[in-house]
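Right, one structure below, let's go through it.
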Amino acid sequence: MKPETSVRVRFAPSPTGYPHLGNIRTALFSWLFARHHGGKFLLRIEDTDVARKVEGTVDVILDSLRWLGLDWDEGPYFQSERLHYYQEAASKLIEDGFAYKCYCSRERLEMVRQEQMKRKQPPGYDGHCRNLTEQEKSQLEASGIAPVVRFKMPLEGETTLHDLIRGEVTFKNSVLSDFVLLKSDGYPTYHLANIVDDHLMAISHVLRADEWLSSTPRHILLYRALNWTPPQFAHLPMILGPDKAKLSKRHGATNIIDYREQGYLPQAMINFMALLGWSLDDKTELLSREELIEHFSLGRVSKTAAVFNKRKLEWMNGVYLRQLSPEEFARQGTPFLDRGLPSSVKRPLSSSYVRQVMPLLQERAKTLAEIPQLGDFLFFDDIEYDTNLLLSSGLDAKSAIQTIEVVLQRLQTAKTWDASSLEAVLRPLAAELNLSTRKFFGLLRVATTGRTAAPPLFQTMVVLGKEKCFKHLASALQRMSVL
RNA sequence: GCCCUCAUCGUCUAGUGGCCAAGGACGCCAGCCUUUCAAGCUGGAGAUCAGGGGUUCGAAUCCCCUUGGGGGCACCA
């Protein structure tokens with residue numbers, strides 16, 4: 001048996017949708033907390049809502065956690081496979097007088113709610129079945145109605161919890177109603193399943209989103225009724241969408257796994273999410289996984305909800321992208337390149353060519369997904385662009401034509417096709433032609449890449465190769481001949 | 001409607017009574033570097049610390065009220 005001080009935390013998502021940034025931030029903090037304290041991190045799937053269950057989400061949850069490297073020590077446990085525990089607890093609660101069966105129809109509950117709304121009263125169960133006589137009970141039992149089990153909330157008194165982040169929070173019991181523990185299909189509600197499992201799994205600390213704070217008194221009361229010691233609670237600040245509302249599908253690509261598709265690096269995601277509601281000090285922004293584990297503490301978790309700022313994520317991802325070795329960048333970028341390049345580009349892509357291309361893009365990409373659009377021209381046999389671009393640096397068509405003709409001549413004589421040789425030929429040529437490097441290289445850039453913004457000219461020309469450069473240059477001449 | 005909770009630059013945040021006429025980061029602007037873009041470097045704009053009352057010699061920091069935001073009040077989690 002582990003000493004009671006040993007840290008055991010869990011991440012307990014429900015498979016009703018793909019996990020979003022907020023969900024995973026909770027997982028991250030729990031994981032960091034466990035790793036920091038040398039404790040255990042468990043994974044539990046809260047699949048107690050048969051109706052809302054979405055097929056395939058468990059795989060996505062596991063995939064997301066693995067992608068981010070949030071490894072778990074136990075589980076995944078599935079609550080749907082543990083129904084007997086909850087049913088047992090419910091029976092015990094009924095036996096001990098802390099819970100009762102309720103036979104009210106959904107229609108009646110709906111009516112009660114409407115009535116309460118109309119009278120501007122707090123919605124909640126009215127306790128109708130709380131004090132049924134034995135005769136009424138057996139009658140209802142015989143009628144074949146499948147009952148739910150409700151917790152018998154104390155009518156008075158208050159419940160206080162000591163939250164590790166919020167401090168002391170007190171609720172009046174009278175504002176809480178007799179909530180459902182066991183549904184009529186025999187499945188538990190979150191409230192029951194969560195406390196039964198946390199107890200059985202010896203969870204020491206419950207880290208969960210702030211939205212659970214107001215349910216916590218119910219949980220405390222349940223622990224008490226079952227005569228169990230509750231874990232410590234830490235309610236994490238929520239992560240909000242740009243409209244400052246709780247993160248949801250409405251906010252677009254918030255599913256964590258989408259970020260992988262969008263070319264974000266797990267280490268950037270981890271670093272970024274850690275800073276959403278937690279900070280090390282007044283200046284540190286970049287922290288490795290190891291540093292996060294070393295420094296993470298609940299004491300430095302903020303109380304305020306955070307709006308997540310995608311721009312900052314992009315910046316941070318760029319930082320991590322540039323930190324990769326060129327080989328690693330090429331390795332990770334290749335699938336994105338392959339996917340993003342038009343089908344007219346011959347496949348499979350030449351890996352040696354890709355390796356040459358990638359260093360030109362690494363410094364410029366904020367996400368791996370940007371790679372194709374950043375460097376597609378390097379893969380095209382013919383480049384397509386607006387011919388006027390050739391004149392964008394300020395030359396007229398005639399001198400542009402002359403310039404390129406000279407360039408073609410001179411490059412013909414170039415012995416080797418590397419960046420310094422090209423520079424040795426071209427830079428003096430600019431002076432010779434009495435052109436500013438800006439104009440001269442600008443013209444060549446458009447002619448060889450079809451763009452006004454591209455990676456450095458000489459390196460680009462080297463990667464393109466002599467043959468293709470000549471081809472592009474020649475085609476630029478042709479384009480301008482009709483101007 | 002009731003309950004809970006939060007409140008520092010647009011956003012993420014530092015700040016736990018004096019070191020704060022509020023620091024860092026993203027973004028923005030300018031300059032430098034430079035063949036363009038990006039990166040990098042330097043500088044700048046940007047917060048009467050939501051408002052109002054207290055407490056205190058002294059408050060972003062403590063207390064109260066107001067306002068605003070968020071969350072909850074299901075046989076959903």
Side-chain angles (χ1 to χ4, degrees), chain A residues 12-17 46-49 51-52 102 104 106 109-110 113 116-117 119-125 146-150 163 166 169-172 174-177 179-185 187-191 193-194 209-217 235 237-238 240 242 244-246 272 275-286 300 302-316 318-319 322 360-366 374 392-393 423 426-427 430 436-446 449 451-458 460:
Chain A
S14 74
T16 51
E46 311 225 319
D47 53 349
T48 54
D49 188 337
R52 289 203 316 154
C102 167
C104 291
R106 287 169 200 265
L109 295 176
E110 191 45 43
R113 226 184 322 270
Q116 285 162 330
M117 299 278 258
R119 275 187 276 146
K120 300 200 179 225
Q121 283 179 336
Y125 185 60
V148 301
V149 175
R150 286 182 185 276
D163 188 85
R166 314 269 148 192
V169 185
T170 301
F171 295 81
K172 286 193 187 64
S174 57
V175 304
L176 273 17
S177 61
F179 60 96
V180 172
L181 296 170
L182 212 55
K183 304 179 229 179
S184 54
D185 63 1
Y187 277 72
T189 59
Y190 171 83
H191 303 299
N194 152 69
D210 206 23
E211 56 187 320
W212 293 108
L213 188 61
S214 24
S215 305
T216 311
H235 287 92
M238 307 260 291
L240 276 21
K244 304 214 171 195
K246 186 168 146 179
F272 177 74
L275 258 23
L276 241 32
W278 176 87
S279 62
L280 173 62
D281 55 27
D282 60 340
K283 44 185 60 102
T284 311
E285 301 285 340
L286 267 15
R300 294 201 60 87
S302 109
K303 296 178 179 182
T304 14
V307 174
F308 87 96
N309 178 203
K310 198 162 183 194
R311 287 296 182 83
K312 187 161 179 174
L313 206 211
E314 285 171 1
W315 162 77
M316 193 173 276
V319 171
R322 277 173 256 126
L360 300 184
L361 311 179
Q362 182 166 9
E363 215 175 333
R364 270 151 270 267
K366 285 197 285 292
L374 243 27
S392 60
S393 57
E423 181 161 13
L426 294 175
R427 196 175 287 279
S436 68
T437 48
R438 186 183 186 84
K439 283 185 179 178
F440 181 58
F441 293 143
L443 169 66
L444 295 185
R445 176 171 304 106
V446 173
T449 69
R451 306 176 169 210
T452 52
L457 183 61
F458 308 130
T460 303

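Sequence lines set the chain letters: A, B, ... in the order given, protein chains first and strands last, and positions in each chain run from 1.
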### Query
With A/Arg52, which residues qualify under side-chain contact (heavy atoms from CB on, under 4.5 Å), at least two apart?
A/Thr16, A/Asp49

### Task
Specify the closest pair of heavy atoms between A/Leu457 and A/Leu444, including all atoms of both residues, with the distance to one decimal.
CD2-CB, 3.8 Å

### Query
Using a cut-off of 4.0 Å on non-hydrogen atoms, how would the nucleic acid contact of A/Lys283 be classed: base, sugar-phosphate, or nothing?
sugar-phosphate

### Between C1' of B/C75 and OH of A/Tyr187, the distance in whole Å
14 Å

### Query
Of all residues at least two apart in sequence or in a different chain, which pass the side-chain contact (heavy atoms from CB on, under 4.5 Å) check with A/Lys312?
A/Phe272, A/Glu285, A/Asn309, A/Trp315

### Query
Considering all heavy atoms of both residues, which atom of A/Pro123 and which atom of A/Gln116 are nearest to each other, and what is their separation?
CA-OE1, 3.4 Å

### Message
Check this for me: does the side-chain of A/Ser184 come within 3.5 Å of the base of B/C75 through a donor and an acceptor?
### Response
yes

### Task
Provide, to the nearest angstrom, the distance between the CZ atom belonging to A/Phe171 and the P atom belonging to B/G71.
16 Å

### Task
Mind checking salt bridge (charged side-chain N to carboxylate O under 4.0 Å, His left out) for A/Arg106 and listing every partner two or more places apart, or none if nothing turns up?
none

### Set of residues satisfying salt bridge (charged side-chain N to carboxylate O under 4.0 Å, His left out) with respect to A/Arg113, sequence neighbours excluded
A/Glu110

### Message
Can you measure A/Asp185 atom CG to B/A74 atom C1' for me and round it to whole angstrom units?
### Response
14 Å

### Task
Give none if B/A7 has no partner; otherwise give the nucleotide forming a Watson-Crick or G-U wobble pair with it, both distances under 3.5 Å.
B/U67

Which pairs, protein N/O on one side and nucleotides 66-68 of chain B N/O on the other, fall under 3.5 Å?
none

### Task
Nearest whole angstrom, please: distance from the P of B/A77 to the CG of A/Leu182.
11 Å

### Query
When you compare B/C6 with B/C37, how far apart are their C1' atoms, in angstrom units rounded to a whole number?
43 Å

Protein-nucleic acid N or O pairs under 3.5 Å, nucleotides 44-48 of chain B:
none

### Task
Would you please test A/Asp210 and A/Arg166 for salt bridge (Lys or Arg N to Asp or Glu O under 4.0 Å) and show each step?
CA-CA 10 Å; A/Asp210 206 23; A/Arg166 314 269 148 192; 3.6 Å; yes

### Summary
The side-chain contact (heavy atoms from CB on, under 4.5 Å) partners of A/Ser279 (sequence neighbours excluded) come to A/Arg300

### Summary
Across all chains, not counting sequence neighbours, the ring pair (Phe, Tyr, Trp, His ring centres under 6.0 Å) partners of A/Tyr190 are A/Trp212, A/His219

### Query
Paired with B/G46: which nucleotide, if any, by Watson-Crick or G-U wobble criteria at under 3.5 Å for both distances?
none

### Task
For B/G1, give its Watson-Crick or G-U wobble partner with both distances under 3.5 Å, or none.
B/C73

### Message
Restricting to salt bridge (charged side-chain N to carboxylate O under 4.0 Å, His left out), what partner residues turn up for A/Arg322, sequence neighbours left out?
### Response
none

#### Entry: salt bridge (charged side-chain N to carboxylate O under 4.0 Å, His left out) partners of A/Glu314, counting only residues at least two apart
none

### Query
Between A/Arg438 and A/Val175, who's closer to the 5' end of RNA chain B by nearest nucleotide?
A/Val175

#### Entry: For A/Ala430, all residues meeting side-chain contact (heavy atoms from CB on, under 4.5 Å), sequence neighbours excluded
A/Thr437, A/Phe440

### Task
Write down the distance between CG (A/Leu444) and C1' (B/U34), rounded to a whole number of angstrom.
17 Å

### Message
Generate the contact string for nucleotides 6-13 of chain B. Rules: B means base contact, S means sugar-phosphate contact only, - means no protein heavy atom under 4.0 Å.
### Response
SS---BBS

